[in-house]
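Quick notes on the structure that follows.
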Amino acid sequence: MKARVFGLRRDGPRLGQRGRVSYAAGSALISFALGCGGDGLVVGEEMARVGDVGSGESESTAATAAGSNAAVALVAECPPSPAERQALLGCWPTRHLGRWRGFFMGNPSYELANGSVRDFPLGDLVLTLELGGSGSLTFGAAAPPAPPTAAGDAPLCAGTLPAAGCLGPLQIIVGFVYSLEQIEMLDADVEPNSRITGELPLPIGERLYFGIPLGQPWQTDAPRKCGAEGCFVVGQSLPISLTMSEDGQALRGAYVPLAQNQRPGRVEFLRESGP
Amino acid sequence: MKPLLLDRIIPTLMVFACGACDGARSVIAEEEARAVVEGPSASPGAQVNVQHECAGMEQILATRSTWHGSSKSGESHVGRWRGSLGGSAASGFPASDVLLILNSNDTGTFEFLSEAPPPRPDDPSQGYLCDGSVSGGICGTPSGFVGGFEYELQGVVARDRVLSFVLLDADPWALWCELQTPVQRADAAQPCGFSWDIVPLSMERWAATGCEQVDAAGNGEPIDCSLMYALERCKCAFDGCFASFYSGIEVGLSLSNDAQELSGSLWFKSNVDAALLRLRRQPP
């Protein structure tokens, strides 16, 4: 399956080419039941048997989630979508899951839909990837803004009118827990080409892609003070691309702006807990 | 033949062909100040001053200090920091003990505290700090770092609690690169019609039995693997060669609340793997 793209080039896992097996695959073997009900057949690489992968609560929950599903995939065929992974034995859970704390390096900035550029907020980033396949990201340690409760109580654009050009939705809100969109989780792999002819291609750790929907703080069922004309940037999402270290304790990557004259915002995380 | 080879060779062949059409020839005087060439980008008979038209080492190296961004750090990170690498990837680095020194003028060094600094190079024809391993070349260590070498910090930035900087992975080869002799080739993309490389244009090929440089005609010339990989760390101008500063390994470290610890991860070149890094502030 080809991974979807939001401004970054990437390829999904490829059949028959894999540097390292995923956490989900582990080192367990799975018997691949033939459709005719005959003897089990081990196909290709090692496959995880749900319930055999590691230990702990997450695995048992995963077994429950996938227990009624008979679909089995070769590890190299695991799709990037968390939802699709959960439906395939051996593809879930991945090592991406857990709670990560990180920061941007250098002087990172992001590009808005109108072409202007803003600095990423100061402070730690907290990235959480749940067993259910969802994820969230929070910028900074400040308390999130209170959700609006009435038409006159839109905290993010307080005191502004649409005609005044509320800039709230155009920027990241510190403390807001962003629900990530377009999450994709890829297993470890190897580079498609070797750097020098004859060399083994470089390994690539597990990868994680997601988008940060900038307009999400305003996407509430409560009445909004700021109208679309002045506040909303529909669909703008900041793409983040990350690669995991072999021991699963660090993630590193970048926000890569579409504008070629802007430097990527380099970011890294250390694992706090999980998967 | 791989596309990569074609990508490199075809434009060169076109340049050569173009040069042949107008009868261009090249002459490089020994004294660089008076070096004069007649290149393919010049009209027939025109004289092109190489030193004026093509950037020399001094001009190129002047961009080194800002290539990875201008340095600007705050006082909170200034000091002498010592610590160690942890995790399974630590074995891919030259040593687990490291020393970071950040000065108040935004300069500093980073060093893996191994037993001895790298030997001083004296022979440009012999490889330096590189080796051909079972799967390809390794320079320094699998991480790309060299032990006992003081890496000069580049692009130092302190933003809130985060200190970030870039380590130039080719820096340990600087003295060795300076021993190399530039190799000239026609290059229509350059103002003077030429560029200078560390080796004649070729494709590198690794094999367990040895390394080769393959020219445009597909002829392979054996080369010591150690030499081949070391040469990759060098760039040249018309007046000399130097360690490449275009690629680096970015490091990010977060300061603890009590300002006594820096923590983060240290990644291999090409982000292949990483080890956890914790540094404690040392007494002044």
Side-chain angles (χ1 to χ4, degrees), chain A residues 19-20 100-109 119-126 139-142 174 188-207 241-254 262-272, chain B residues 1-5 68-70 72 86-90 92 132-137 155-166 203-212 214 225 228-229 232 250-255 263-278:
Chain A
R20 291 170 288 178
W100 304 79
R101 183 173 294 273
F103 50 78
F104 277 99
M105 292 181 279
N107 287 311
S109 56
D119 289 341
F120 275 103
L122 300 176
D124 286 356
L125 307 171
V126 176
F139 293 84
V174 175
D189 206 338
V190 293
E191 295 281 2
N193 299 304
S194 55
R195 197 177 55 85
I196 288 179
T197 302
E199 281 187 340
L200 291 179
L202 287 175
I204 312 172
E206 289 106 308
R207 285 149 292 157
S241 162
L242 299 165
T243 302
M244 193 184 298
S245 62
E246 191 168 353
D247 64 4
Q249 296 302 305
L251 288 169
R252 165 172 276 201
Q262 191 188 347
R263 288 186 180 230
R266 305 284 298 170
V267 62
E268 68 179 45
F269 294 87
L270 292 178
R271 184 184 292 280
E272 282 195 331
Chain B
M1 186 177 290
K2 293 189 66 175
L4 178 63
L5 178 61
H68 296 279
S70 299
K72 186 177 183 182
S88 58
S133 74
V134 292
S135 61
V156 180
V157 173
R159 183 175 181 262
D160 195 23
R161 299 197 321 193
V162 178
L163 172 70
S164 47
F165 52 86
V166 174
M203 183 191 75
E204 297 160 325
R205 187 155 62 194
W206 177 92
T209 53
C211 293
E212 280 186 328
V214 184
C225 286
M228 185 180 84
Y229 282 99
E232 282 198 312
E250 193 168 15
V251 181
L253 297 165
S254 180
L255 189 66
S263 60
S265 51
L266 189 61
W267 287 75
F268 284 27
K269 184 180 180 182
S270 304
N271 290 343
V272 170
D273 205 353
L276 303 180
L277 174 59
R278 290 192 189 284

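First the proteins, then the strands, lettered A, B, ... as listed; each starts at 1. Because the structure is a prediction, the values reported are computed rather than measured.
More than 12 heavy atoms of other residues, nucleotides or ligands sit less than 6.0 Å from atom CZ of A:R266.
When heavy atoms are compared at a cutoff of 4.5 Å, B:A274 approaches chain A by way of both its backbone and its side chain. The parts of B:S265 that come within reach of chain A are both its backbone and its side chain, each placing non-hydrogen atoms under 4.5 angstrom from that chain. B:R161 touches chain A through its side chain: at least one heavy atom from C-beta onward sits under 4.5 Å away, while N, CA, C and O do not. There is no contact between B:E212 and chain A, counting heavy-atom distances below 4.5 Å. Heavy atoms of A:L270 lying under 4.5 Å from chain B belong exclusively to its side chain.
Comparing A:F103, A:F104, A:F269 by how many heavy-atom pairs each has under 4.5 Å with chain B, the most go to A:F103. Among the candidates B:A275, B:A207, B:G87, B:G264, the residue making the largest number of heavy-atom pairs closer than 4.5 Å to chain A is B:G264. Counting heavy-atom pairs under 4.5 Å between each of B:L276, B:V162, B:V251 and chain A puts B:V162 at the top. Ranking B:D160, B:L163, B:V166 against chain A, the residue ahead of the rest is B:D160, based on heavy-atom pairs under 4.5 Å.
The backbone N or O of A:G106 lies less than 3.5 Å from a partner atom in the side chain of B:S164, making a donor-acceptor pair.
Expressed to the nearest 0.5 Å, how far CD of A:E268 lies from OG of B:S254 amounts to 9.5 Å. The structure places NE2 of B:H68 at 8.5 Å from CZ of A:R263, a figure rounded to the nearest 0.5 Å. Atom CG of B:L253 and atom CE of A:M105 lie 9.5 Å apart (nearest 0.5 Å). Expressed to the nearest 0.5 Å, how far CZ of B:F268 lies from CD of A:E246 amounts to 8.5 Å.
Closest of all the heavy-atom pairs between A:R195 and B:Y229 is NH2-CE2, 3.6 Å. For the residue pair B:N271 and A:T243, the shortest heavy atom distance occurs at O-CG2, 4.5 Å.
Within the 4.5 Å cutoff, side-chain heavy atoms of B:W267 are placed close to those of A:S245. The closest side-chain heavy-atom distance from A:P108 to B:R159 is below 4.5 Å.
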